[in-house]
Amino acid sequence: MREIQAEEITSAVAEAIKNINFHIRPDVKAKLQSALEKEASPLGRQSLQLLLENAQMAAAGILPLCQDTGTTVIFAEVGQEVRIMGASLEEALQAGVRLATREGRLRHSIAVHPLTRGNSGDNTPAVVHYHPVPGKTLKLFVMAKGGGCENASAMAMLPPLASRHGVGDYIVNIIRTNGAAACPPLIIGIGLGGNFETAPLMAKRALLREIGEPSPDPETAKLEKVILQRVNELGIGPQGWGGSITALSMAIETAPCHIASLPVAVNVECHSHRLAEVKI
Amino acid sequence: MSATWLKLPFDPLVLRDLEVGQWVNLSGSLYTLRDAALKRIFDLEADNKQPPVDLKGQLIYFVGPTPPAPGEPVGSAGPTTSRRMEHFIPALIEAGVIGIMGKGPLSQSTVKELQRKGVIYLAAAGGAGAFYGSKVRGAAVTAYEELGPEAIYCMHIENFPAVVAIDQKGGDLFEQGPKTYRKEI
């Protein structure tokens, strides 16, 4: 067994959360720059320019990229030969969120109850998904997920024989209806197949992929390309002000499903896309 | 980008000339509002009580900023989704608000309501929180401090750029913009 101290996890998580809130990912920056070259709308180009300027200002470490510093979502791949000392993994992760919120002056964005709406005051609890994996490493994907784009997300149980086109129609319709309010240019994660609870989880997992990296499955990769093009043909554009770049990327994850079902989940992500990978 | 410089609170007369898609550069004072504070005001209105702020002639900015760094008035302060506030927009208009600012489209019925009353809607760039935070020169909590980021602030802004999204002439950027670039059949 390999022993890892809980404090080490806490401080690594806190560093990651602070980092992603102030520093734009290189893949996102590159995509925004190429969008700036391709965008047909002058207003769209001006808004992209403003986002790049925003990223530069945030990098000074005083003002976060966005005032919505998000819900912390963590995918934890826990090596089966790892033993965590001093606290539970859950406690270590939540302590990291608390520390980052204080040190990074992040906004308190979590309501403790969906109806009474009291604020937790420290951004806990983070949403954590645990996956046991072989080995001695603890790998964490740490994401700060904005509320506006999460609100634009949706899922449906389509008829099982809905074609590729039918799946595309559903996704394109969601973006047509919700995309402009979700801070485009968007990053879109799709979960196709699985069941009622795994499809949205796959959609979120799809967001962990490097921006623009196609699915390893050639058929799925083709579908990603086709639907991304359809989304961009909507004309929503950066900020929803009209333009040719509505989404920067589309990533689809698939899983087997029941013969009666075809679940599809659309997880919409804004252009800030605050995500880091931490290995301990 | 060339922009029209506007002082806040607005001279209502200047609003007549604004056109969809035009950049404006704002300087002066405005009030911030979002979900929780609006709900409180709305509940007050239901009991025929007065809102804690006189909103007459004001620009309302839908925002929930991050906490300030030491010595700074505010942290990041970009716009939040306006659609969520739609339910309260008639009440805001009733209270005398003459402009609202946020991000994203509004429904057809709200667009019509705004245009009927001559209230303009400005769109700020969503996700540019650091940029907009740097344009805030002063911020004081006016009401509901306990709501944290959702408190009502009086903000003093300088050189704050936004795009006219709904004008008094019947234009709606979120309808017209996408129509221009739509390619799907």
Side-chain angles (χ1 to χ4, degrees), chain A residues 21-22 40-44 46-51 53-69 104-109 111 117 119 121 146-148 151-152 172 176 180-184 230 232-244 246 270-272, chain B residues 1 3 20-23 34-36 39 63-72 74-84 102-106 123-134 136 146-150 161 163 165 173-185:
Chain A
N21 271 294
F22 291 93
S41 148
L43 217 46
Q46 286 153 1
S47 74
L48 290 166
Q49 194 79 60
L50 202 149
L51 294 181
E53 197 180 326
N54 181 68
Q56 212 172 357
M57 293 179 86
I62 313 273
L63 300 164
L65 283 161
C66 181
Q67 74 290 338
D68 181 0
T69 53
R105 293 182 301 273
L106 306 181
R107 195 179 73 178
H108 304 162
S109 303
R117 309 302 296 178
N119 198 302
N151 284 347
V172 170
R176 190 200 321 273
C183 285
R230 287 185 64 190
N232 283 326
E233 285 173 358
L234 288 170
I236 293 170
Q239 301 296 336
W241 298 347
S244 43
T246 300
C270 65
H271 57 73
S272 284
Chain B
M1 59 209 177
V20 153
Q22 174 188 350
W23 283 97
R34 56 170 289 156
D35 312 72
K39 174 117 196 329
V63 61
T66 62
E72 299 291 331
V74 77
S76 283
T80 193
T81 309
S82 304
R83 196 153 67 180
R84 276 202 326 274
K103 73 171 169 84
L106 293 165
F131 176 85
Y132 284 119
S134 76
V136 179
E146 65 280 13
L147 294 179
E150 298 201 73
V163 174
L173 176 64
F174 290 97
E175 214 256 314
Q176 290 162 227
K179 205 183 256 175
T180 311
Y181 295 95
R182 193 170 296 150
K183 281 192 187 146
E184 63 161 2
I185 310 130

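In the text below, chain A, chain B and the rest are named by the order of the sequence lines, each starting its count at 1. Computation of the quantities below employed the complete heavy-atom set of this structure, encompassing side-chain atoms and omitting hydrogens, waters and symmetry-equivalent molecules.
Heavy-atom distances place the side chain of A:Thr69, and not its backbone, under 4.5 Å from chain B. Proximity to chain A (any heavy atom under 4.5 Å) is restricted, for B:Ala77, to the backbone atoms N, CA, C and O. Residue A:Cys270 does not touch chain B at all, counting heavy-atom pairs closer than 4.5 Å. If you measure heavy-atom distances from B:Ala165 to chain A, you find no contacts under 4.5 Å at all. Contact annotation for A:Arg105: both backbone and side-chain heavy atoms come within less than 4.5 Å of a heavy atom of chain B. Proximity to chain A involves both the backbone and the side chain of B:Ser134, based on heavy atoms less than 4.5 angstrom apart. Only the side chain of A:Leu51 comes within contact range of chain B, with heavy atoms under 4.5 Å apart. Only the side chain of A:Glu53 comes within less than 4.5 Å of a heavy atom in chain B; its backbone stays farther off. When heavy atoms are compared at a cutoff of 4.5 Å, B:Val74 approaches chain A solely by way of its backbone atoms N, CA, C and O.
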I would like to know whether A:Asn151 and B:Arg84 meet side-chain contact (heavy atoms from CB on, under 4.5 Å); could you show each step before the answer?
-> CA-CA 10 Å; A:Asn151 284 347; B:Arg84 276 202 326 274; 4.1 Å; yes

Go through the steps for B:Leu173 and A:Leu43 under the test side-chain contact (heavy atoms from CB on, under 4.5 Å), then give the verdict.
-> CA-CA 11 Å; B:Leu173 176 64; A:Leu43 217 46; 3.9 Å; yes

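In this structure the side chain of B:Trp23 reaches within 4.5 angstrom of the side chain of A:Gln46, judged on heavy atoms.
If you take OG on A:Ser47 and CG on A:Asn54, they are separated by 11.5 Å, rounding to the nearest 0.5 Å. A distance of 5.5 Å separates CG in B:Asp35 from CD in B:Glu150, rounded to the nearest 0.5 Å. Between A:Arg176 atom CZ and A:Glu233 atom CD the span is 11.0 Å, to the nearest 0.5 Å. Separation of atoms CZ (B:Phe174) and NZ (B:Lys103) is listed at 9.5 Å; rounding is to 0.5 Å. The line from OH of B:Tyr181 to CG of A:Asn232 is 14.0 Å long, rounded to the nearest 0.5 Å.
For the set A:Leu106, A:Ile62, A:Asp68, A:Leu65, the entry with the most heavy-atom pairs within less than 4.5 Å of chain B is A:Leu65. Among the candidates B:Gly21, B:Pro68, B:Ala125, B:Ala123, the residue making the largest number of heavy-atom pairs closer than 4.5 Å to chain A is B:Ala125. In terms of heavy-atom pairs under 4.5 angstrom with chain A, the leader among B:Ser76, B:Gly177, B:Gly129 is B:Ser76. Between chain A and the options B:Ala124, B:Pro67, B:Gly75, heavy-atom pairs under 4.5 Å are most frequent for B:Pro67. Among B:Pro65, B:Gly133, B:Gly102, the residue making the largest number of heavy-atom pairs under 4.5 Å with chain A is B:Pro65. Ranking B:Pro105, B:Gly64, B:Pro149, B:Ala36 against chain A, the residue ahead of the rest is B:Gly64, based on heavy-atom pairs under 4.5 Å.
Side-chain contact check for B:Arg83 and B:Thr81: no donor-acceptor pair (N or O, by modelled atom type) lies under 3.5 Å.
The neighbour count for A:Gln56 CD, taken as heavy atoms of other residues, nucleotides or ligands under 6.0 Å away, does not exceed 12.
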